[in-house]
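Written below as structure tokens is the structure these notes are about.
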Amino acid sequence: MLKVSYIIENKKQVINALSKRNFDATKIIGELEDYNSQRKKIQSKLENILSKSNKISKEIGELIKSGNKDQADKIKEQTAKFKETTKELNSELISIKDKILDLLYKIPNIPNESVPVGKGEEDNVEVYNSGNLPKLDSSALPHWDLAKKYDIIDFKLGNKITGSGFPVYKGMGAKLQRSLITFFLDLNTNAGYNEVQIPYLVNEDSGIGTGQLPDKDGQMYHIEKDNLYLIPTAEVPATNIFRDVILNEEDLPKSITSFSPCFRREAGSYGAHVRGLNRLHQFDKVEIIRVEHPEKSHHALEEMVEHVKSIIDKLGLPYRILKLCGFDLGFSSALTYDFEVYSAAQKKWLEVSSVSNCESYQSNRLKLRYRNSDGNIELAHTLNGSALALPRIFATIIENCQTEKGIVIPEILVPYTGFSMIN
RNA sequence: AGAGAGGUGGCCGAGUGGUCGAAGGCGCACGCUUGGAAAGCGUGUAUACACCAAAAGUGUAUCGAGGGUUCGAAUCCCUUCCUCUCUGCCA
């Protein structure tokens, strides 16, 4: 979330910048200003009274010490009136702070200057594409048919065990899946990301820290009995490593990578476009996270983009990179690049990675800060990206690499799979 | 899951109702000392918010979290989370 002081001091720029998202912040910022000045008034009043009553308490203490009980009792009466007003003011203060927080939760991050204006996903700007799109002959099968043909993914079995969107990978399919995970982790750690294994369930504080709560709690699976949430991405536990942390400037940057299954309720998205592996309730993903100095975060984003490019290049899949327009930009992101690989059998672009700079939007919620060389404390910047999400990569590999004889595994994966052909 | 013991600053650790934001130590920073280092000595060493144009300064809150008792809570009571020990269960 944004800082109240920042919003109020830069009101015009904020409203202007948010209009890129088709988000009209005029009213909400107006309310925010009102609440904030109310908050200050109440707080001053309250602190004044508390200060007085603290002084009196000290006096009472001294009087009792010196044996002056009668006088102490007299002064005690004075404090009675403070008590009620203190209580009232305090509950007013709490409720107004809650209101301010509620408003802050509703304001998305300010898009970076370079983010294009847009009214829909058609306004995303292609900034890179890797070359020619492969053409398969008309007998080419989509991955759900290939999965059945070679018995590598069983969607029906997943339905039986859990429900739709929980596929069972079998045999060479399972092996390919595991190979991809290891392959991605190897590339990420070679690029300097520290591998961590994180919990797949997180508490409420963590959900709030990275912005899934309170607004998007319908998208996460919630275990009510223990009040825990199944993670929708490793970004949540991995970024929360740094919640309530003050780093030293020289500790930056922090780079980590983590594999995890991801759980998403995907409430309300059903239909043909979610067929097969295209949209699942449980899928595997390897994530990269960076905590950066504000002056370096945009360079870091470019590095992350280059890194993801190199991964897809190695797999030899056709892809393009989109710079997301204001409309499509995620709530807490300032700048996002989406990677889409081209599925020749589905004749469709499939998103496989989203690399974002959240600037200080997450770190303000997380209270993730660093101490600069002057000794001042400032918010760090957080970035995250998929490197990579598995299902659509899996789907595209088997679709694009299908031949009459079988599915040809990309050469770079063969040392991981131990086989070069699924047939 | 049951019984017991705990959770204090970057770390260790004192504090069981009254100048306690918190002794003491370690660590860290700066200074003195030294040819240089170590040792020694001295000084400093939390965060958030508010007041102030700003700095200085002042105020308020924070001793796992939330609530309560009290003029006053790190200290007493309740709830909750976490850690440790024993028992149970288990990969």
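Predicted, not measured: the structure shown is a model, and the values here were computed from it.
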* **Integer-rounded Å distance: U47(B) P and L247(A) CG** => 14 Å
* Structure fact -> In whole angstroms, the gap separating C1' of C49(B) from CG of N90(A) amounts to 14 Å
* Determine the interatomic distance between P on C63(B) and the same-named atom on U19(B); round to the nearest Å. => 15 Å
* C1' spacing across the pair G72(B) / C20(B), given as an integer number of angstrom -> 13 Å
* Protein proximity profile, nucleotides 65-80 of chain B - base contact B, sugar-phosphate-only contact S, no contact -, cut-off 4.0 Å on heavy atoms -> -----BBS--------
* To do: Sticking with atom P, work out how far G18(B) lies from U80(B), rounded to a whole angstrom.
  => 29 Å
* Asked: Whole-Å distance between A50(B) C1' and I49(A) CD1?
  -> 15 Å
* To do: Please find out if less than 6.0 Å separates the ring center of H307(A) from that of Y193(A).
  => yes
* In whole Å, what is the span from the NZ atom of K97(A) to the P atom of A50(B)? -> 9 Å
* To do: Select from E47(A) and N36(A) the residue whose nearest nucleotide in RNA chain B is closer to the 5' end of that strand.
  => N36(A)
* **Given D186(A), L180(A), L176(A), the one that forms side-chain contact (heavy atoms from CB on, under 4.5 Å) with Y416(A)** => D186(A)
* Asked: C1' atom, A29(B) versus A50(B): distance in rounded Å?
  -> 29 Å
* With a 4.5 Å heavy-atom cut-off, do Y105(A) and R365(A) have their side chains touching? -> yes
* Asked: What class does the angle between the rings of H293(A) and Y370(A) fall in, given that below 30° is parallel, 30 to 60° is tilted and above 60° is perpendicular?
  -> tilted
* To do: Please work out which of the three classes, parallel, tilted or perpendicular, describes the rings of F263(A) and Y221(A), given edges at 30° and 60°.
  => perpendicular
* Asked: CG of N376(A) versus P of U47(B): gap in Å, rounded?
  -> 10 Å
* Can you check the I42(A) CD1 to A61(B) C1' distance for me, whole Å? -> 16 Å
* **Separation between the C1' atoms of A65(B) and A53(B), rounded to whole Å** => 39 Å
* To do: Could you pick out which residue, I377(A) or S44(A), lies toward the 5' side of RNA chain B when each is mapped onto its nearest nucleotide?
  => I377(A)
* When the C1' atoms of A3(B) and C11(B) are considered, how many whole Å apart are they? -> 32 Å
* Structure fact -> Intra- and inter-strand pairing of RNA chain B, written as dot-bracket with Watson-Crick and G-U pairs under 3.5 Å and | for the latter, reads ((((((((.[[[..)..(.....]]]((((((.......))))))((((((.....)))))).[[[[[..)....]]]]])))))))....
* Is it true that E84(A) and K87(A) have a side-chain N and a carboxylate O under 4.0 angstrom from each other? -> no
* Asked: What's the spacing between E9(A) CD and I7(A) CD1 if we round to 0.5 Å?
  -> 11.0 Å
* Is it true that a side-chain atom of N372(A) and a backbone atom of N376(A) form a donor plus acceptor pair closer than 3.5 Å? -> yes
* To do: Please report, rounded to the nearest Å, how far the C1' atom of U60(B) is from the CZ atom of R39(A).
  => 12 Å
* Given the C1' atoms of U62(B) and G4(B), what is the spacing between them in whole Å? -> 30 Å
* Could you grab the distance from atom OG of S206(A) to atom CD1 of I241(A), nearest 0.5 Å is fine? => 10.0 Å
* **Whole-angstrom distance between U43(B) and G35(B), as gauged at atom C1'** => 26 Å
* Length of the line joining I100(A):CD1 and C49(B):P, which is rounded to integer Å -> 12 Å
* Is any side-chain N or O of R369(A) closer than 4.0 Å to OP1 or OP2 of U47(B)? -> no
* Short side-chain N/O contact from R371(A) to OP1 or OP2 of U47(B), under 4.0 Å -> yes
* **Check: Y229(A) main-chain N/O paired with H222(A) side-chain donor or acceptor under 3.5 Å** => no
